2 protein chains.
Amino acid sequence: MVRMIDVAKHADVSLKTVSRVLNNEPHVQEKIRKRVFESINELGYIPSTSARSLRSLRTYSIHLISNSIEGAFINTVQSGALLSCQKHGYSLLISLLDSEILNNPKALKKWCAEFVVQKRPDGVILVPPHSDNIDLNSILNEANIPISRIGPNEIIDKDNSTIMIDDRKAAREVTEYLISLGHKRIGHVRGSEDQGATHKRYSGYTDALKAASIPIIEELIKPGNFRFESGLKAGEELLKMKNRPTAIFAANDDMAAGIIVASYMNHFKVPDELSVIGFDDNELAKRIWPTLSTIQQPVFGYGERAAELLVKKAGTRKKQTSLVISATELMNYKFILRESTNIASTANN
Amino acid sequence: MVRMIDVAKHADVSLKTVSRVLNNEPHVQEKIRKRVFESINELGYIPSTSARSLRSLRTYSIHLISNSIEGAFINTVQSGALLSCQKHGYSLLISLLDSEILNNPKALKKWCAEFVVQKRPDGVILVPPHSDNIDLNSILNEANIPISRIGPNEIIDKDNSTIMIDDRKAAREVTEYLISLGHKRIGHVRGSEDQGATHKRYSGYTDALKAASIPIIEELIKPGNFRFESGLKAGEELLKMKNRPTAIFAANDDMAAGIIVASYMNHFKVPDELSVIGFDDNELAKRIWPTLSTIQQPVFGYGERAAELLVKKAGTRKKQTSLVISATELMNYKFILRESTNIASTANN
DNA sequence: GTGAAAGCGCTAACAT
DNA sequence: ATGTTAGCGCTTTCAC
């Protein structure tokens, strides 16, 4: 094993100088810096993470906190975060924190205390519904752990970043598209109530209806939880109404897929008799028939950017506190038109 | 922060005794062991992973090596592995190793050297196609890193474990089921050629045909790569034949979904005009229409078991080398009958 | 069966 | 701008 002392001897400098070079600290001549890097490469030196973190209390790790890692959304976020972490020599770790604990302030406090002491993350990434949870955010803030929040939320926090798209605007766009096809009875299936996205997408839906002077009809709005099964159920209910909707905007793709299956089961043709629009553009959207019109979110980019911001922050901690990287970053979405939407048939309007 | 020395003082024993208790080492009186545990709980002591690994060269981490973490299969394996790791106080880390490097022996050797020095994993989990790669397996073996292999392969290795189902038997079963429905022209879409599963599933398919004295027709067997698009393409080709198959067994669900979409596009009704069977039972299987008949693999269990075996091995290293945990573990699969299969219509036979 | 001392590889604090 | 020294919290080695 090559140690730092070996590099120091090889480059004919002190231990500390090598350390400075590795940590991008100032006060090293460019010439020496270069010589040290040469020695590092020549000897194939790789710093020991355990020694570094033992001494410095930095772990070179980012934690992604989530209630599960199964599912297309979190899977893709993780993939993006992993890419950023690897690029900067950080590890990405997953910490499972389920909703039951999340919604119980006492249990949450205990969980966080253990988490902080045990993992000592240099930063954490929060996804919905965790990114919407005020308690969790403030506990981590108090523990002085940088956070990147993914997904829409209303948390005001000048020290950390939120990465999202304009859900409300996107939802309004898809609803307006359905209206432009001649649809007037447009149903909506909501996501989980504990997620900001649910409310913003609903607002976008009503924005579009109001702007077109179409009445908002309670019966056409069904609860859901972002899962396929809830879309299936909502679809069943909506299609069995005497005066059924001719189009449905589901708050995500999984539920939209459920609505499409419900249509098959009730012998309605999508898109001729029912238009369906989802949200996310997950892998399902291209694999079902008809393929799903939806809003494409840069989910991979969420993870990538979230991790990158944390790495940057960890790298500048205590050194240039002036450089505060934190803001609400609005990313770009894209409306993807596929086969699940069609003009409103006159028979139904 | 509570240190080991604090626990030692509190329990009125030496530092080393606490260390012994924590590492399950022998030569500690039961009475003292209990007292130490009490002190640990009372003080809320949590060992410092960095200090432990700096000294002992163990990292308390398992690495999952894969070319990507996106996709239902690897996602579920990871989820299972994460559960086991958390249960035993281990970290699960992901290392991305893409196929280009994997198939270039020189690049692979270099990658592994860096990986071993930098990560020092206590064990690695390999999934297809990595679990089928002889070079990778032997390099890791030489580096003395325990391996759990997931998925079918022919690697002979008395020191490590392989976890799989009997793919050949399962493939034979589904093909026999199609035969029992009266199908005689049964197509097959293969997976990636670098994966053992592809060959085993193909063998199961031919086993069933041979046993039923049905000729194996080359034209009905199409190449694929386990991806949706390859299933779509194979489906197109098979359906455009003059003498098209009445049933198709795809080597996985994603490709089966592609075949179903191809059927819609070519106006063939599934299952009335074409029966389709997949393999995996991933989330897609229940979300498409018609829902997919398939073989359910215990994918979560693969990850769970793989990690568990590695943790056990790491815990007994150097202490009881007699206890060698390694074998081929055959897990149970299940044939799931859904809506994508039907009896062969007489018109087509 | 238990303990004392040494030291893993690095960085923080303090020289110079 | 560079170097010296001490010590992070634990396990290893060896002594008893």
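All figures in this text were calculated on a predicted structure; none of them were measured in a lab. The chains referred to below are lettered A, B, ... by the order of the sequence lines, with proteins before strands, and numbering in each begins at 1.
In this structure, B:Lys16 and A:Asp12 both approach DNA chain D, and ranking their closest nucleotides by distance from the 5' end singles out A:Asp12.
Between B:Met4 atom CE and C:dA4 atom P there is a gap of 15 Å when expressed in whole angstrom units. Taking atom NE2 on B:His27 and atom P on D:dT12, their separation rounds to 14 Å, with Å as the unit. As a whole-Å value, the separation of B:Lys34 NZ from C:dG1 P is 19 Å. Following rounding to the nearest Å, A:Arg55 (CZ) and C:dA13 (C1') show an atom-to-atom distance of 9 Å. One atom, CZ of B:Arg58, and another, P of D:dT11, lie 9 Å apart when rounded to the nearest Å. Nucleotide C:dG1 holds its P atom 14 Å from the NZ atom of B:Lys31, rounded to whole Å. The nearest whole Å value for the distance from the OH atom in B:Tyr60 to the C1' atom in D:dT11 is 9 Å. Between the CD1 atom of B:Ile5 and the P atom of D:dG7 there is a distance of 15 Å, rounded to whole Å.
For the pair B:Ser19 and D:dT11, the criterion of a side-chain N or O lying under 4.0 Å from OP1 or OP2 is met.
For B:Asp12, the CG atom is loosely surrounded, since the number of other residues' heavy atoms within 6.0 Å does not exceed 12.
Both the sub-6.0 Å distance and the 45° axial angle are not jointly satisfied by B:Arg3 relative to the ring of B:Tyr45.
Against DNA chain C, the stretch residues 43-51 of chain A makes heavy-atom approaches under 4.0 Å through A:Tyr45, A:Pro47, A:Ser48, A:Ala51.
The pair A:Lys9-A:Asp6 fails the salt-bridge criterion, with no side-chain N (NZ, NE, NH1 or NH2) lying under 4.0 Å from an Asp/Glu carboxylate O. For A:Asp157 and A:Arg149, the salt-bridge test passes: some basic side-chain N is under 4.0 Å from an acidic carboxylate O. Salt bridge present: A:Glu308 and A:Lys312 bring a charged side-chain N and a carboxylate O closer than 4.0 Å.
Every residue two or more places apart in sequence or in another chain that forms a side-chain contact (heavy atoms from CB on, under 4.5 Å) with B:Glu42 is listed here: B:His10.
Listed nucleotides C:dA4, C:dC8, C:dT11 differ in distance to A:Asn23; the shortest reach to its side chain belongs to C:dT11. Counting only heavy atoms from C-beta on, A:Leu54 has its side chain closest to D:dG9 among D:dG9, C:dG1, D:dT4.
Residue-to-nucleotide contacts include no donor-acceptor pair under 3.5 Å from the side chain of A:Arg52 to the base of C:dG9. With hydrogens and angles left out, the side chain of B:Arg20 and the base of C:dG3 share a donor-acceptor pair within 3.5 Å.
Between A:His63 and A:Phe115, the distance from one ring center to the other falls under 6.0 angstrom.
B:Ile32 comes within contact range of the sugar-phosphate backbone alone, with a heavy-atom separation under 4.0 Å but no base atom that close.
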